[in-house]
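Below is one structure, written out as structure tokens; comments come after it.
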2 protein chains.
Amino acid sequence: MAEPERATHQGGESLLFLTDEQLRQGIEAMFFAYRGFTADPDRILEEHDYGRAHHRALHFIHCAPSTTVKNLLAILGVTKQSLNRVLRRLIADGLVESRVGRADKRERHLHLTEAGRALEQQLSDAQRARMRKAYRDAGPEAVAGFRTVLEAMMDSEQRRQYHGMRNGRA
Amino acid sequence: MAEPERATHQGGESLLFLTDEQLRQGIEAMFFAYRGFTADPDRILEEHDYGRAHHRALHFIHCAPSTTVKNLLAILGVTKQSLNRVLRRLIADGLVESRVGRADKRERHLHLTEAGRALEQQLSDAQRARMRKAYRDAGPEAVAGFRTVLEAMMDSEQRRQYHGMRNGRA
DNA sequence: CTTGGAATGTCAACAAAGCTGACTTAAAGT
DNA sequence: ACTTTAAGTCAGCTTTGTTGACATTCCAAG
């Protein structure tokens, strides 16, 4: 039912024939899937008058507690001024706490408050629910392939951040 | 090397154990991959002082030539005021042509000009190059899985558009 | 110790691209 | 004749990106 590409010798990974049309399908699939991927959290965010930028900040502060602003900037790939606006609002609303660094007082270490953790949970529950459903519908082998292709699609710096996130210190 | 999830009985597709952490990894992979996915065209667009909105318009006009404005609105999921701003500029710059419908003169049918086709090619070449590399690195089975999961991640309306795009008339 | 530069973060102003609402024009449908 | 539909326009707002200017802090060279 899928039949998304053809190999000259099936399984041969270097002799893979990929027509422009097949690649275009992949591009559109990515476009539509990403829309689905963000749809559920977007609905929740709208109720609170937040945007995707706030979601991303909450997500990564949750995953790397006590991270600095500089660090977050590197992960999100935006300017610090842009991030600051989002952060200021989250702090004003009592979702994020900014603590002056002990070792280096220039740094601000970011933490979620109880309310912040609650919203982050709510958002990521919604997103995980869709992810879980997609994974279940697709099956384990498909998931493995999905992850492999996604990783190959990142560029090396992003891949570094992606792995750094999961293992070592932020 | 991947080991992205675990099944209680391997291969069993309804009894799939998915921890929050595993799903979070999927979410982040999607985030970083989408960034990679748009990075190359973004660079080209910047030179021409266009944004992603212009890219999307060019892409879908290319794929569904002679599509109407209404149709494009449905695909892109934005308001006509927003699309119109983008379209007006593309027409003024001579990349897109708007022809009054023959059967229904209220409709405007959109076509790429020679220059429009050229830029669309340039953009999609860049995006396809990354896609092709990711597909090659990952191998055919991974690609099949990738496509399966992406499709499962769309919601039904998007999936309908996605398939409608490829087969029937727009 | 002082001082000058680098690092970190904040504030102000601006641009792109989304949104809503109100309106016009032209063509179709009934 | 009246209503509906397709497209376009104008005005104004929001989110989220940008650059420029600035304050604070740290550190290392003199």
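Reminder, nothing fancy here: chain letters follow the sequence lines and each chain counts from 1. Worth knowing before you read on, the calculation uses all heavy atoms, side chains too, and leaves out hydrogens, waters and symmetry mates. In this text, all values refer to a predicted model and were calculated from it rather than measured experimentally.
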Between C:dA6 atom C1' and A:Lys70 atom NZ, what is the distance in whole Å?
-> 11 Å
Min side-chain heavy-atom separation A:Arg108-A:Val100 under 4.5 Å = yes
A:Gln161 side-chain N/O to A:Ala74 backbone N/O, donor-acceptor pair under 3.5 Å | yes
Would you call the rings of A:Phe37 and A:Tyr34 parallel, tilted or perpendicular, where under 30° means parallel and over 60° means perpendicular?
-> tilted
Under a 4.5 Å cut-off applied to non-hydrogen side-chain atoms, are A:Phe146 and B:Met30 in contact?
-> yes
Taking the inter-plane angle between the rings of B:Phe32 and A:Phe60 on a 0 to 90° scale, is it parallel (under 30°), tilted (30 to 60°) or perpendicular (over 60°)?
-> tilted
Look at all strands and tell whether A:His54 reaches a base, only sugar-phosphate, or nothing, counting heavy atoms closer than 4.0 Å.
-> sugar-phosphate
Using a 4.0 Å heavy-atom cut-off, write out nucleotides 18-23 of chain C from 5' to 3' as B (base contacted by protein), S (sugar-phosphate only) or - (no contact).
-> BBBBB-
Specify the separation, in whole Å, of atom CG of A:Asn84 and atom C1' of C:dA12.
-> 12 Å
Whole angstrom is fine here: how far is it from CD in A:Glu47 over to P in D:dT15?
-> 15 Å
Just how far, in rounded Å, is P of D:dT16 from CD of A:Glu46?
-> 11 Å
Identify whether the distance between the nearest side-chain nitrogen and carboxylate oxygen of B:Arg117 and B:Glu114 falls below 4.0 Å.
-> yes
What are the two closest non-hydrogen atoms of B:Ser66 and B:His111, and how far apart are they?
-> CB-CE1, 3.4 Å
The nucleotide from D:dA6, D:dG8, C:dG9 with an atom nearest the side chain of B:Arg106 is D:dA6
Describe the nucleic acid contact of A:Ala57 in one word from base, sugar-phosphate, nothing, applying a heavy-atom distance below 4.0 Å.
-> nothing
Between A:Ala103 and B:Leu87, name the one whose nearest nucleotide on DNA chain D is closer to the 5' end.
-> B:Leu87
Interface with DNA chain D, restricted to residues 35-43 of chain B and to heavy atoms under 4.0 Å | none
Write down the distance between CG (B:Leu73) and P (D:dA7), rounded to a whole number of angstrom.
-> 8 Å
Report the residue from A:Val96, A:Leu112, A:Ile61, A:Thr113 that forms a side chain to side chain contact (heavy atoms under 4.5 Å, CB included) with A:Leu90.
-> A:Val96
Nucleotide D:dT14, atom P - distance to CG of A:Leu45 in whole Å | 18 Å
Can you tell me the distance, in whole Å, between the CZ atom of A:Arg102 and the P atom of C:dT8?
-> 18 Å
In whole angstroms, how far is the P atom of D:dG8 from the CZ atom of B:Arg89?
-> 18 Å
With a 4.0 Å cut-off, would you call B:Asp137 and B:Lys133 a salt bridge?
-> yes
